[in-house]
Amino acid sequence: VALMVSLSTVHLSAQTESIDLDDLDGNWHLRTMDGKDVREARAILDFDPKKMRLSGFDGCNSMSSILKEDNNIIKSTKFSDTTMACRESIHQYVRTRLHKTIKEGFSISKTTKDGIDGITVKSSKHELFFKKMGPKQEKKWYQIISL
């Protein structure tokens, strides 16, 4: 009985469905990596599906890549990043696994995990859950003056 309840809970806590690349447009905040809460690393991916580009922040450095889709697997080409040292172990943990995931090739699916809508980026070795960030807001001229 305990096993059945456990399996039911896992099914309810994470539901996935396919996603169109155009739905990825924008910034995504990394929340969990391989089941570990990594929000404090503040890693962000910014997808630009029209140009098939990925940019972002891995917790330590900025990064960018050109993407190519092949049989629902997204592969990175021309990956680049800056090389500042990571200050804390959580940042190094996220940086290492995020880079490996992007370089290995990954699939993306819409996911609802623990009541939060987002995406799961999954490679052969890692599973990352991201939540969409709010829309970018341009500052109005009167906001700039008041700063």
Side-chain angles (χ1 to χ4, degrees), residues 7 9-147:
L7 290 174
T9 304
V10 169
H11 177 71
L12 291 174
S13 66
Q15 298 173 343
T16 64
E17 63 182 82
S18 63
I19 188 168
D20 185 77
L21 283 179
D22 288 334
D23 293 338
L24 294 175
D25 192 29
N27 294 311
W28 297 84
H29 178 240
L30 178 61
R31 296 181 63 91
T32 62
M33 178 175 276
D34 299 331
K36 181 178 180 175
D37 184 340
V38 293
R39 288 179 282 178
E40 72 179 80
R42 301 189 186 278
I44 297 169
L45 291 183
D46 182 10
F47 287 95
D48 183 345
K50 287 184 174 74
K51 295 181 181 177
M52 288 300 285
R53 294 189 58 86
L54 174 70
S55 59
F57 179 70
D58 64 16
C60 305
N61 293 283
S62 59
M63 58 184 193
S64 66
S65 181
I66 296 175
L67 302 174
K68 182 174 114 177
E69 186 178 19
D70 185 19
N71 291 331
N72 293 327
I73 298 295
I74 299 171
K75 297 181 179 180
S76 169
T77 63
K78 299 183 183 180
F79 182 87
S80 65
D81 66 325
T82 56
T83 56
M84 301 292 289
C86 297
R87 289 197 265 159
E88 296 182 32
S89 61
I90 187 70
H91 295 117
Q92 183 62 41
Y93 176 87
V94 167
R95 174 183 163 79
T96 301
R97 285 158 184 79
L98 181 58
H99 287 214
K100 283 182 182 177
T101 300
I102 292 170
K103 291 174 183 177
E104 285 176 348
F106 53 92
S107 62
I108 301 178
S109 59
K110 283 184 187 179
T111 308
T112 300
K113 198 175 230 179
D114 299 324
I116 298 170
D117 293 332
I119 58 171
T120 295
V121 172
K122 187 172 184 174
S123 70
S124 63
K125 297 178 185 163
H126 301 290
E127 186 171 306
L128 294 65
F129 177 70
F130 291 85
K131 179 183 179 213
K132 182 120 186 195
M133 297 174 70
K136 295 178 186 175
Q137 295 182 355
E138 293 183 29
K139 292 196 179 281
K140 307 278 190 241
W141 65 270
Y142 53 83
Q143 289 175 311
I144 295 169
I145 292 172
S146 65
L147 296 176

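Position 1 is the first residue of the sequence; numbering continues from there.
In this structure, Ile74 CD1 and Leu54 CG are separated by 9.0 Å, a value rounded to the nearest 0.5 Å. Interatomic distance, CE of Met84 versus OG of Ser62, reported as 10.0 Å (0.5 Å rounding). One distance of note links OG1 of Thr111 with CZ of Arg31; it measures 12.5 Å at 0.5 Å rounding. In this structure, the separation between CZ on Phe130 and CE on Met33 is 6.5 Å, given to the nearest 0.5 Å. Taken to the nearest 0.5 Å, the OG1 atom of Thr82 stands 7.0 Å off from the CG atom of Asp58. A distance of 4.0 Å separates OG in Ser124 from CD in Glu104, rounded to the nearest 0.5 Å.
Scanning all heavy atoms of the two residues, the minimum distance from Thr112 to Asp117 falls at OG1-OD1, 2.8 Å. Across all their heavy atoms, Ser76 and Ile102 have their closest contact at CB-O, 3.2 Å. Minimum interatomic distance between His91 and Cys60 (heavy atoms only, all atoms of both residues): CB-SG, 3.4 Å.
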What's the verdict on side chain to side chain contact (heavy atoms under 4.5 Å, CB included) for Trp28 and Val121, showing C-alpha distance, side-chain angles and the deciding distance? CA-CA 11 Å; Trp28 297 84; Val121 172; over 6 Å; no
Can you list the steps and then say if Leu45 with Leu128 is a side chain to side chain contact (heavy atoms under 4.5 Å, CB included)? CA-CA 11 Å; Leu45 291 183; Leu128 294 65; 6.0 Å; no
Test side chain to side chain contact (heavy atoms under 4.5 Å, CB included) on Asp23 and Lys110; report intermediate values, then the result. CA-CA 9 Å; Asp23 293 338; Lys110 283 184 187 179; 4.0 Å; yes
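Aromatic rings of Phe106 and His126 (six-membered ring for Trp) have centroids beyond the 6.0 Å cut-off, not under it.
The number of heavy-atom neighbours closer than 6.0 Å to NZ of Lys132, taken from other residues, nucleotides and ligands shown, is above 12. More than 12 heavy atoms of other shown residues, nucleotides or ligands fall within 6.0 angstrom of atom CG in Asp22.
In this structure a side-chain-to-backbone donor-acceptor pair under 3.5 Å is present from Thr77 to Ile66. Remark: side-chain polar atoms of Asp34 are paired, donor with acceptor, to backbone N or O of Glu127 under 3.5 angstrom.
Of the listed residues (Lys78, Met52, Arg53), just one forms a side chain to side chain contact (heavy atoms under 4.5 Å, CB included) with Leu67, and that residue is Met52.
Within the 4.5 Å cutoff, the side chain of His99 has heavy atoms near those of the Met63 side chain. Residues Ile90 and Lys36 form a side-chain contact, since some pair of their non-hydrogen atoms from C-beta on lies under 4.5 Å apart.
For the residue pair Asp37 and Thr32, no side-chain donor N or O sits within less than 3.5 Å of a side-chain acceptor on the partner.
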